[in-house]
Amino acid sequence: MERSWVIKNGRVVDPANKVDQQCDIIVQDGVISTGDEIGADDLPVIDAAGCLVVPGLIDMHTHLREPGQEYKEDITSGTLAAASGGFTAVACMPNTCPVNDNSAVCAMILEKARSAAARVYPVGAISKGSEGKQLAEYGELRAAGAVAVSDDGLPVTDSQLMRRALEYASDFDLAVIAHCEDPALSTGVMNEGEMSTQLGLKGIPNAAESVMVYREIALAEFTGKKVHIAHVSTAMSVDLIRQAKTRGVRVTAETAPHYFTLTDEAVSGYITNAKMNPPLRTGEDRAAVIRGLQDGTLDAIATDHAPHSILEKEMEFDVAAFGIIGLETAVPLTLTLLHQGVIDASRMVELLAVNPARILGVEGGSLAPGAAADITIIDPKLEFSYSVDQVVSKSRNSPFLDWTLTGRSMLTMVDGAVQFSRFI
């Protein structure tokens with residue numbers, strides 16, 4: 001497979017190196033070059049005219065479903081969906097069957113990922129079996145290739161266990177990704193508010209998330225350790241994180257495109273493809289999430305790609321599964337913020353590449369000479385209809401089906417090898 005190229009005529013946006021200009025990028029043998037090497041003029045050309053050329057995007061919150069639920073997604077299909085959406089790497093959550101709480105599962109994931117279309121970074125479980133009772137063996141997970149720990153999908157309700165997780169994970173340089181949810185409050189199926197009342201559905205109040213965000217911040221402040229808050233959806237959570245950062249607490253946070261694009265009105269008509277956890281919130285919450293992305297309170301945009309088959313989605317709203325796919329729509333939905341003037345191109349790259357790499361402690365987020373050629377090329381103005389026949393994931397559970405979207409990933413390159421392209 002060809003691993004040497006000249007990418008011409010594109011607008012290179014590389015905030016890690018303070019670059020935002022039209023220039024060429026030369027890739028030789030999978031590495032970004034200075035352009036001084038002999039023979040560069042003879043390399044095959046990728047014409048990126050009218051496009052953004054950016055460091056490969058990194059999704060720090062993906063559910064690949066393998067092992068155990070391959071009928072929904074597997075490592076091969078999930079990474080192909082990632083590459084089609086512009087992601088050169090994904091961090092896969094541990095709520096598999098069995099749970100990724102040991103070296104054997106972690107090693108299996110990495111072995112299956114050797115021929116994948118994107119890099120795969122396993123996230124191990126915080127607790128054994130994600131049961132919230134006993135810490136997993138972080139040294140074993142780290143040695144096997146895990147980059148972080150999380151019980152995502154399930155909150156760690158035991159505060160002492162969470163404290164120990166922050167302390168123990170720090171010893172092995174593992175990020176701790178917190179799923180913030182109070183299960184005693186989170187007994188509904190959508191956001192608690194006017195819409196849930198109209199639909200007659202049991203609601204989940206904002207406080208179900210925010211009280212646990214406060215706890216994680218308090219534990220991080222007390223221990224002096226890092227914590228990363230997953231899928232932030234409420235205005236109160238954003239405010240808590242903003243205040244914590246001003247005090248110097250070592251907290252980072254992500255949100256997902258659906259939280260800055262949709263509100264709980266998307267559930268109207270009992271649309272199960274708009275059912276997720278945390279649930280879609282109000283317009284005020286959506287506006288607060290957007291402000292958090294704009295002012296730096298929120299560090300990353302992650303997809304929380306959660307594939308489900310029609311077996312779990314085409315049923316009564318109360319019993320349908322939580323979650324939506326997101327790898328293929330994250331770029332156009334984020335570009336909406338750019339087109340609206342909320343963020344600029346450099347900030348977009350920080351949210352989707354630079355900061356995820358930093359938080360997870362993995363390579364990427366830079367187009368500096370000598371770096372691995374993980375590159376995404378995006379046409380920010382291309383309009384397309386996101387129809388069922390275009391979905392690359394095994395699953396189709398997206399609230400954005402049949403939307404007309406603006407902006408799309410055109411090419412995804414990993415180690416210099418083109419893994420997905422719409423124009424060559």
Side-chain angles (χ1 to χ4, degrees), residues 60-61 91 93 123-127 130 132-136 138-139 141-142 146-186 205-256 259 278 281 285 288-289 291-302 350-351 354-361:
M60 60 183 301
H61 193 140
M93 289 294 157
V123 176
I126 287 177
S127 62
S130 290
K133 298 177 181 177
Q134 184 178 358
L135 293 181
Y138 294 176
L141 285 166
R142 184 60 164 171
V147 299
V149 291
S150 179
D151 277 355
D152 186 65
L154 295 168
V156 178
T157 57
D158 186 326
S159 297
Q160 180 73 304
L161 191 77
M162 191 63 180
R163 171 193 174 178
R164 298 305 182 202
L166 294 176
E167 295 170 334
Y168 188 27
S170 176
D171 293 339
F172 296 97
D173 199 24
L174 288 166
V176 178
I177 302 173
H179 174 104
C180 293
E181 178 183 15
D182 184 334
L185 289 171
S186 186
N206 283 14
E209 172 181 298
S210 304
V211 296
M212 292 292 275
V213 169
Y214 183 85
R215 186 199 70 172
E216 312 305 30
I217 289 171
L219 290 174
E221 192 163 19
F222 172 68
T223 61
K225 306 301 183 182
K226 297 178 184 178
V227 69
H228 179 77
I229 310 297
H231 42 53
V232 172
S233 71
T234 77
M236 184 178 291
S237 297
V238 175
D239 286 342
L240 288 168
I241 294 162
R242 183 180 290 114
Q243 293 166 24
K245 286 189 170 187
T246 63
R247 300 196 305 273
V249 180
R250 302 173 73 188
V251 57
T252 55
E254 73 192 42
T255 192
Y259 298 121
R281 304 291 187 178
D285 293 302
V289 167
R291 286 194 300 273
L293 291 169
Q294 189 177 41
D295 69 13
T297 300
L298 300 178
D299 301 88
I301 293 173
E350 289 175 351
L351 291 164
V354 179
N355 291 345
R358 172 179 58 83
I359 293 165
L360 294 174

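Treat the numbers as computed from the prediction; the structure is a model and nothing was measured.
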Novice: Report yes if some heavy atom in the side chain of Arg215 is under 4.5 Å from a heavy atom in the side chain of Val156; otherwise report no.
Specialist: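 Contact flag for Arg215/Val156 side chains = yes.
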Novice: Does a sphere of radius 6.0 Å around OH in Tyr214 hold more than 12 heavy atoms from other residues, nucleotides or ligands, not counting ones at 6.0 Å or beyond?
Specialist: no
Novice: Determine whether Val289 and Leu298 make a side-chain contact, defined as any pair of heavy atoms from C-beta on separated by less than 4.5 Å.
Specialist: yes
Novice: Using atom types as modelled and distance alone, determine if a side-chain donor or acceptor of Asp151 lies under 3.5 Å from a backbone N or O of Ser127.
Specialist: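 It does hold such a pair.
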Novice: State which residues pass salt bridge (Lys or Arg N to Asp or Glu O under 4.0 Å) with Lys226; sequence neighbours excluded, sorted by chain then number.
Specialist: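 So Lys226 forms no salt bridge (Lys or Arg N to Asp or Glu O under 4.0 Å) with any residue.
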Novice: Provide the closest heavy-atom pair for Ser159 versus Leu219 in the form atom of the first, atom of the second, distance.
Specialist: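 It is O-CD1, 3.8 Å.
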Novice: Using side-chain heavy atoms (C-beta onward) and a distance below 4.5 Å, is Val147 in contact with Arg142?
Specialist: yes
Novice: Is there side-chain contact between Glu216 and Leu166, with heavy atoms separated by less than 4.5 Å?
Specialist: no
Novice: List the steps and the verdict of side chain to side chain donor-acceptor pair (under 3.5 Å) for Arg281 and Thr234.
Specialist: CA-CA 7 Å; Arg281 304 291 187 178; Thr234 77; 6.0 Å; no
Novice: Could you tell me which residues satisfy salt bridge (Lys or Arg N to Asp or Glu O under 4.0 Å) with Arg242, sequence neighbours excluded, listed by chain and number?
Specialist: Asp239, Asp295
Novice: Going through the distances and angles, do Thr252 and Asn355 end up as a side-chain contact (heavy atoms from CB on, under 4.5 Å)?
Specialist: CA-CA 9 Å; Thr252 55; Asn355 291 345; over 6 Å; no
Novice: Working to the nearest 0.5 angstrom, can you tell me the gap between Leu360 CG and Met60 CE?
Specialist: 4.0 Å
Novice: Hey, do the aromatic rings of Tyr168 and Tyr138 have their centres closer than 6.0 Å?
Specialist: yes
Novice: Determine the minimum heavy-atom distance between Ala165 and Leu135, stating which atoms define it.
Specialist: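 The answer is CB-CD2, 3.9 Å.
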Novice: Mark yes or no for whether Thr246, through its side chain, and Gln243, through its backbone, hold a donor-acceptor pair below 3.5 Å.
Specialist: yes
Novice: Write down the atom of Thr223, the atom of Arg163, and the distance for their closest heavy-atom approach.
Specialist: CG2-CG, 3.9 Å
Novice: Below 4.5 Å, heavy atoms only, C-beta onward: do Ile126 and Met162 meet side chain to side chain?
Specialist: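 With C-beta onward as the side chain, the pair touches.
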Novice: If you measure from NZ on Lys133 to CG on Leu161, what distance do you get to the nearest 0.5 Å?
Specialist: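 Between Lys133 NZ and Leu161 CG, I get 11.5 Å after rounding to 0.5 Å.
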Novice: Nearest heavy-atom pair of Asp152 and Ala230: which atoms, and what distance?
Specialist: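 Heavy atoms of Asp152 and Ala230 come nearest at OD1-CB, 4.5 Å.
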Novice: Looking only at heavy atoms, what is the nearest atom pair of Leu240 and Ser210, with distance?
Specialist: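 Heavy-atom minimum between the residues: CD1-O, 3.5 Å.
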Novice: Give a yes or no on whether the backbone of Gly296 and the side-chain of Lys245 come within a donor-acceptor separation of less than 3.5 Å.
Specialist: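 Yes, because the side chain of Lys245 sits within donor-acceptor range (under 3.5 Å) of the backbone of Gly296.
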Novice: Mind checking the OG1-CD1 spacing from Thr255 to Ile301? Nearest 0.5 Å is all I need.
Specialist: 8.0 Å
Novice: Using salt bridge (Lys or Arg N to Asp or Glu O under 4.0 Å) as the criterion, list what pairs up with Glu350, not counting sequence neighbours.
Specialist: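 Residues passing salt bridge (Lys or Arg N to Asp or Glu O under 4.0 Å) with Glu350: Arg347.
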Novice: Working to the nearest 0.5 angstrom, can you tell me the gap between Ser130 OG and His179 NE2?
Specialist: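 Interatomic distance, Ser130 OG to His179 NE2, rounded to 0.5 Å: 11.0 Å.
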Novice: Got a donor-acceptor contact below 3.5 angstrom from the Arg250 side chain to the Gly224 backbone?
Specialist: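 Judged by distance alone, yes, a pair lies under 3.5 Å.
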Novice: For the CZ atom of Arg247 and the CD1 atom of Ile217, what is their distance to the nearest 0.5 Å?
Specialist: 7.0 Å
Novice: For a quick test of reading the model, state the closest non-hydrogen atom pair linking Val238 to Gly292 and the distance between them.
Specialist: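 Distance-wise, the nearest heavy atoms are CG1-CA, 4.1 Å.
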Novice: Working to the nearest 0.5 angstrom, can you tell me the gap between His231 NE2 and Glu254 CD?
Specialist: 7.0 Å
Novice: Applying side chain to side chain donor-acceptor pair (under 3.5 Å), run through His228 and Asp299 and close with a yes or a no.
Specialist: CA-CA 10 Å; His228 179 77; Asp299 301 88; 5.7 Å; no
